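Residue numbers run from 1 in the order of the sequence given. What you are looking at is a predicted structure, and each value in this text was computed from that prediction instead of being measured.
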Amino acid sequence: MTPAAPSASARLSSPGDVVDGLASVGYLADAHIGTVVYLAEQLGKPVLVEGPAGTGKTELAKSVASLLGARLVRLQCYEGLDESKALYEWNYRKQLLRIQVESSGGARAGTRAWEEVEADIFSEEFLLERPLLEAIRASDPVVMLVDEVDRVELETEALLLEVLSEYQVSIPELGTVRARQIPFVVLTSNDTRELSEALKRRCLYLHLGYPTPEREREIVLAKVPGIATRLADEVVRVVRTLRDLDLEKHPSVSETLDWARTLVLLGIEHVDADVAVSTLHILLKYQADIELVAAELSVRPPDAAGS
C-alpha cells in the first residue's frame, strides 16, 4: 500500500508561493530555496540541505513545518546514534515487571504458556517510539528533521535508506510498519564527511552557503528588532570582512544576528574598531581567531571594510 501524499490543503501552489509563505513565518528564502521546497513537497522526496553551520538549515525545516501547519519531529544525529535511539526500542523494565508478575503468583500465574507471555511483552504496549518511527506512524501532518546526518556512522545511515526508500520500517516482533502518509523530510549536513551516493540519490539537494551582503542585511533588519539601517549595514560589512580571513571558524548567520542583537542591547549606534574588538567573542569562537581579527581591525577600521 502506497503512503498517502500530503493533503491538498497543505500543498503549495508554486515556488513563489513557498518564498512568500516562508517569509510570512520569518524565513527569508530566495527563488532557489523556494523551488527545491516546492518540488520536495509535490514529489514527496526528502531534501538534503548541506552547508556551513549556522546558515539556516535547521531553521528551514522548522519554518516549513510552520508553513505547512505540520508537527516537527526531530532526530538529532551524533556519533554512536543507533537504531534504539533513532527508530525504536522495547521498554525492558516494563517487560521485566510483567514477566516477574506472571512468574511470582499473579492472577493467572502458571496458566499462561510462555509463548503467550512473549507475545504480550512484544506488543504495542511495550514499544517505545523514537523519532523515525514516530514520523512514520504519524497520522497528522509531520515534517521529519534528521539534523546533522553527517555525524552518524554508515550503519545508521543505511537505516535511513529503508525509511527514505519505502517510507517503512521493519520490526521483527511486529512486522513491517508502513507510513500512513509521506512526511516532509529534511536532512541537514555540515559537510564534515561525504554522504553515501545511495542516500543522496533519494534526496533533492540544496546547498545553503553564506548569503550575499544584501540578503544578510535583509535578514538582520527582519530578525533584530530596533536595529537601525546604518548599524545593520556596518554589521554585515564587518562580518563579510571576517569571512575573507583565514579563520578556524567563520562567523555564521546566526552569529551575525547574535552580534547585531548585542550591539542593540548595548545601545551602540556605530561600529568602530574598539566596539568590534570588545565584542569579537560574540562572533568568533576560537581565541586564535579573536587575536588575528583584533590585529586586523587595529590597522583597518571595520566601517571601511569592503569599501
Taking T55 for the side chain and L208 for the main chain, is one N or O donor matched with an acceptor at less than 3.5 Å?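 Yes.
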Kindly say whether T192 contributes a backbone atom to a donor-acceptor pair with the side chain of N190 at under 3.5 angstrom?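 A pair under 3.5 Å: no.
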Listed partners of [X] passing salt bridge (Lys or Arg N to Asp or Glu O under 4.0 Å), at least two apart:
X: E216; answer: R243
X: K45; answer: none
X: E248; answer: none
X: R217; answer: D233

What do the steps show when you test V64 against V186 for side chain to side chain contact (heavy atoms under 4.5 Å, CB included), and what is the final call? CA-CA 9 Å; V64 169; V186 177; 5.6 Å; no
Residues two or more places apart in sequence or in another chain: which of them pass side chain to side chain donor-acceptor pair (under 3.5 Å) with K94?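 Applying side chain to side chain donor-acceptor pair (under 3.5 Å) to K94 gives none.
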Any side-chain heavy atom of [X] sitting closer than 4.5 Å to one from [Y]?
X: V224; Y: V235; answer: no
X: V18; Y: L22; answer: yes
X: L48; Y: L204; answer: no
X: P131; Y: M144; answer: no
X: R193; Y: V152; answer: yes
X: Y210; Y: P251; answer: no
X: L187; Y: L199; answer: yes
X: L231; Y: V271; answer: yes

Compare every heavy atom of [Y] with every heavy atom of [X], then report the nearest pair and how far apart it is.
X: L28; Y: A23; answer: CD2-CB, 4.4 Å
X: P213; Y: V236; answer: O-CG1, 3.6 Å
X: L159; Y: A86; answer: CD2-CB, 4.3 Å
X: Y27; Y: S63; answer: CB-OG, 3.4 Å
X: A29; Y: V19; answer: O-CG1, 3.5 Å
X: T229; Y: L221; answer: CA-CD2, 4.1 Å

Validation: residues 32-40 side-chain donor-acceptor distances under 3.5 Å, sequence neighbours left out:
unit_1, atom_1, unit_2, atom_2, d
T35, OG1, A31, O, 2.9

Non-neighbouring partners of [X] that pass side-chain contact (heavy atoms from CB on, under 4.5 Å), sequence neighbours left out:
X: R93; value: N91
X: L127; value: Y88, W90, E124, L133, R137, I171, L174
X: S254; value: S252
X: L292; value: L245, L247

Report the distance from atom CG of L87 to atom CG of L128, rounding to the nearest 0.5 Å.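 Answer for the CG-CG pair, L87 versus L128, is 12.0 Å.
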Separation between CG of L242 and CD of E296, rounded to the nearest 0.5 Å: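 Here the rounded value is 8.5 Å.
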In this structure, are over 12 heavy atoms from other groups packed under 6.0 Å from E269 atom CD?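 Result for CD/E269: open.
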Does anything in residues 70-84 pair up under side chain to side chain donor-acceptor pair (under 3.5 Å), and if so which pairs, sequence neighbours excluded?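 Checked against side chain to side chain donor-acceptor pair (under 3.5 Å) - neighbours excluded - the pairs reaching residues 70-84 are R71-E134, R71-D140, R74-Q76, R74-D147, Q76-E148, D82-S84.
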Which is it for K200 and Y205 under the side chain to side chain contact (heavy atoms under 4.5 Å, CB included) test, yes or no, and what are the steps along the way? CA-CA 8 Å; K200 287 186 172 182; Y205 180 76; 5.6 Å; no
Does the pair E197/R201 count as a salt bridge with the N-to-O cut at 4.0 Å?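 Result for this pair is no, no salt bridge flagged.
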List the steps, then state whether side chain to side chain contact (heavy atoms under 4.5 Å, CB included) holds for L283 with V293. CA-CA 11 Å; L283 280 172; V293 171; over 6 Å; no
Could you list all the salt bridge (Lys or Arg N to Asp or Glu O under 4.0 Å) pairs where at least one residue sits in residues 51-67, not counting sequence neighbours?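 Qualifying pairs: none.
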Test side chain to side chain contact (heavy atoms under 4.5 Å, CB included) applied to V149 and V49, L81, L195, the passing residue: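 Between V149 and the candidates, side chain to side chain contact (heavy atoms under 4.5 Å, CB included) is satisfied uniquely by L195.
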